[in-house]
Amino acid sequence: MNYKNFPMVPRVIFGRGSFNQLSDILTPNRLNSKAPFIYLVDDVFKNNAWLTSRILLSYDDKVIFISAEEEPKTSQVDALVEDIILTSKERPSGIIGIGGGTILDLAKAVSIMLTNEGEAKDYQGWDLVKNPAIYHVGIPTISGTGAEVSRTTVLTGPTRKLGINSDYTPFDQVVLDSELTKEVPADQWFYTGMDCYIHCIESLTGTYLNTFSQTYGNTALELCKEIFLENNLSDEESQEKLMMASWHGGMSIAYSQVGVAHAMSYGLAYLLGVKHGVGNCIVFDHLEEFYPEGVKIFKEMKKKHNITLPQGICADLSDKDFDTMIKIAMGLEPLWENALGKHWKKTITKEKLRSLYQKM
Ligand code: NAD
Ligand code: ZN
């Protein structure tokens, strides 16, 4: 047996208001006055002085606002890297991502591509990155994806949606300040929160499970049940707990894998641009046969929070469209193997996936 040797986020700060300590954290990491810190910030905060006034810029530091309307693309990473190289006197001191999974993934990918030649699409896959990334910091403003702890940055490229999975991908520093999540809209809170819940179910029922993954997964799952099914939490407690659920859910899949919902949701994302959180929910809602207990509880959570998922998104698709989605989904072999074991191809056929997609 050859056990994997994973890197972890080496530094993390947790606490309401800890965002105020950002400049103390960054200062010792500044290389020199010509090497700026570049902040990639979700543009939902553009006119939000409560947050932006606390980003303290010195020398040539700059803030780039980025829309999280669409999931990150390899071409977007390449364009950002080019812009940063052209406008900075020297290689930056660091990249700071402030936002949800979309912005965190962009920050990770940009920090890698600043020190590696070629285009981001060349590094989609496992362990293709050659040089260490520049210093990068992740500051989540919505909880659930686990992107703040993971060893991947999920990008849509010209031919596939696949992460840059590498030892250089994890952040050097994470700031967990749950106050930053206080204005997340309710439906988005649910979708991204369910990403965490689904990570737990897929990890805990998977064939790759080991005790490392299980302990993190169980903790995250208990937190999710408390947050999404009980009534006794204050907003503040709920925000703090979801932030830690996200962290533990991410740690759980580090040593295992996700499963059926993620594989199929990647297909929806690639073809239709359906975003990760809501896409996972749309798929998971139809996966009773794979995750009976998990889907039952998901439906209770959905009901409790009055969530209506989009329906009929596959209604008008052509045969070619279905084939594209199925190809993307079936290409994610480790996810299927985790979900169903080595002989997954016996149950998962093109016809089977098509019949599932047709329900969505
Ligand atoms: P997101 O970053 O796409 O943001 C969703 C929406 O919430 C956006 O409209 C955004 O502007 C808004 N938002 C974020 N913070 C807010 C705040 N504090 N107040 C108000 N609005 C706010 O959402 P997400 O679900 O966190 O991330 C999804 C992305 O994460 C996908 O691209 C997916 O591929 C990726 N992902 C990555 C990993 C990983 O390990 N790297 C894991 C899971 C998902
Ligand atoms: Zn996910």
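Any value given below was found using the heavy atoms of this structure, including those in side chains, with hydrogens, waters and symmetry copies removed. First listed ligand is number 1; within each ligand, the first listed atom is number 1.
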Check: Can a salt bridge be assigned to the pair R11 and D172 using a cut-off of 4.0 Å between side-chain N and carboxylate O?
Finding: no

Notebook entry, point to check: Distance from K182 atom NZ to R16 atom CZ, nearest 0.5 Å?
Noted result: 7.5 Å

Notebook entry, point to check: For D235, what residues pass the salt bridge (charged side-chain N to carboxylate O under 4.0 Å, His left out) criterion, not counting sequence neighbours?
Noted result: none

Next item on the list: Fit a plane to each ring of Y197 and F298, take the angle between them on a 0 to 90° scale, and name the class: parallel (under 30°), tilted (30 to 60°) or perpendicular (over 60°).
Entry: parallel

Note to self: Is the ring pair Y255/F6 parallel, tilted or perpendicular, if the boundaries are 30 and 60 degrees?
What the structure shows: perpendicular

Checklist line | Residues in salt bridge (charged side-chain N to carboxylate O under 4.0 Å, His left out) contact with E230, at least two apart in sequence or another chain | finding: none

Check: Ignoring water, what protein N, O or S atoms are under 2.8 Å from the Zn ion (ligand 2)?
Finding: D195 OD1, H199 NE2, H262 NE2, H276 NE2

Next item on the list: Go through K275 and D195 one step at a time and tell me if the salt bridge (Lys or Arg N to Asp or Glu O under 4.0 Å) criterion holds.
Entry: CA-CA 11 Å; K275 294 199 68 183; D195 189 22; over 6 Å; no

Notebook entry, point to check: Under the 6.0 Å and 45° cation-pi test, does K161 pair with Y266?
Noted result: yes

Notebook entry, point to check: Should the pair W344 and W336 be assigned to parallel (<30°), tilted (30 to 60°) or perpendicular (>60°) ring geometry?
Noted result: parallel

Note to self: Can you work out which protein residues put a heavy atom within less than 4.0 Å of ligand 1?
What the structure shows: D42, V44, F45, A68, E71, P72, G100, G101, T102, D105, K108, T141, I142, T145, A147, S150, T152, V154, K161, L180, E183, V184, P185, Q188, T192, D195, K275, H276

